[in-house]
Amino acid sequence: LSGVFLASNAMVLPLVYVWGIRRYHNRAQRFDVRRSHRQATEAGIFCSLCVLLAAMNIFEPVTVLLLIAILVLSEMVILSLQAK
């Protein structure tokens, strides 16, 4: 699972960084590496949890949607804590 996490994290990090450069117009948000690392880590956690669910034979669309909801909610909490 750690190999899947590290591999997916390494694959997603440049994609998220380039996406942030194209999406944001504010310079502080545009070159924010911490945001890219955080989102790539969340993608790595998602991939490793999907592999874990597949290994336990409970990999279904409903469980994937619940994982996505958990990660979206955690991202919203992190962003709300940073705004203060």
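Quick caveat, the model's predicted, so the values are computed rather than measured. Note: hydrogens, waters and symmetry copies are ignored here, and every other heavy atom, side chains too, is used.
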How long is the span from the [atom1] atom in [X] to the [atom2] atom in [Y], to the nearest 0.5 Å?
X: Leu79; Y: Ser74; atom1: CG; atom2: OG; answer: 9.5 Å
X: Leu52; Y: Cys47; atom1: CG; atom2: SG; answer: 13.0 Å
X: Leu49; Y: Leu66; atom1: CG; atom2: CG; answer: 12.0 Å
X: Leu73; Y: Ile68; atom1: CG; atom2: CD1; answer: 12.0 Å
X: Leu1; Y: Leu6; atom1: CG; atom2: CG; answer: 11.0 Å

Answer yes if [X] and [Y] sit in the same cluster of Ile, Leu, Val, Met, Phe, Trp and Tyr residues linked by side chain heavy atoms under 4.5 Å apart, and no otherwise.
X: Leu65; Y: Ile58; result: no
X: Val51; Y: Leu71; result: yes
X: Val4; Y: Leu67; result: yes

Among pairs that include at least one residue of residues 40-67, which meet side chain to side chain donor-acceptor pair (under 3.5 Å), considering only residues two or more places apart or in two chains?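 Counting only pairs at least two positions apart or across chains, no side chain to side chain donor-acceptor pair (under 3.5 Å) contact touches residues 40-67.
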
How does the hydrophobic cluster around Phe31 look, that is, which other residues are in it when side-chain heavy atoms under 4.5 Å mark a link?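 Hydrophobic cluster check, Phe31: joined to Tyr17, Ile21, Val33.
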
In sequence, state the C-alpha distance, the side-chain angles, and the governing distance for Gln82 and Arg35, and then conclude on side chain to side chain contact (heavy atoms under 4.5 Å, CB included). CA-CA 11 Å; Gln82 287 181 354; Arg35 178 194 48 82; over 6 Å; no

Apply side chain to side chain contact (heavy atoms under 4.5 Å, CB included) to residues Phe46 and Val64 and explain how you reach the verdict. CA-CA 9 Å; Phe46 175 74; Val64 173; 3.8 Å; yes

Does some side-chain heavy atom of Asn9 sit less than 4.5 Å from a side-chain heavy atom of Ile45?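 Side-chain contact under 4.5 Å: no.
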
Can you see which heavy atom on Val12 is nearest to which on Ala43, and at what distance?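 Closest approach of Val12 to Ala43, heavy atoms only: CG1-CB, 3.9 Å.
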
What closest approach, in Å, do Gln39 and Glu75 show between heavy atoms, and which atom pair accounts for it?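 Here Gln39 and Glu75 meet closest at NE2-OE2, 3.8 Å.
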
Please check if the number of heavy atoms outside Met76 that lie under 6.0 Å from its CE is greater than 12.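 At most 12 heavy atoms, drawn from other residues, nucleotides or ligands, come within 6.0 Å of this atom.
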
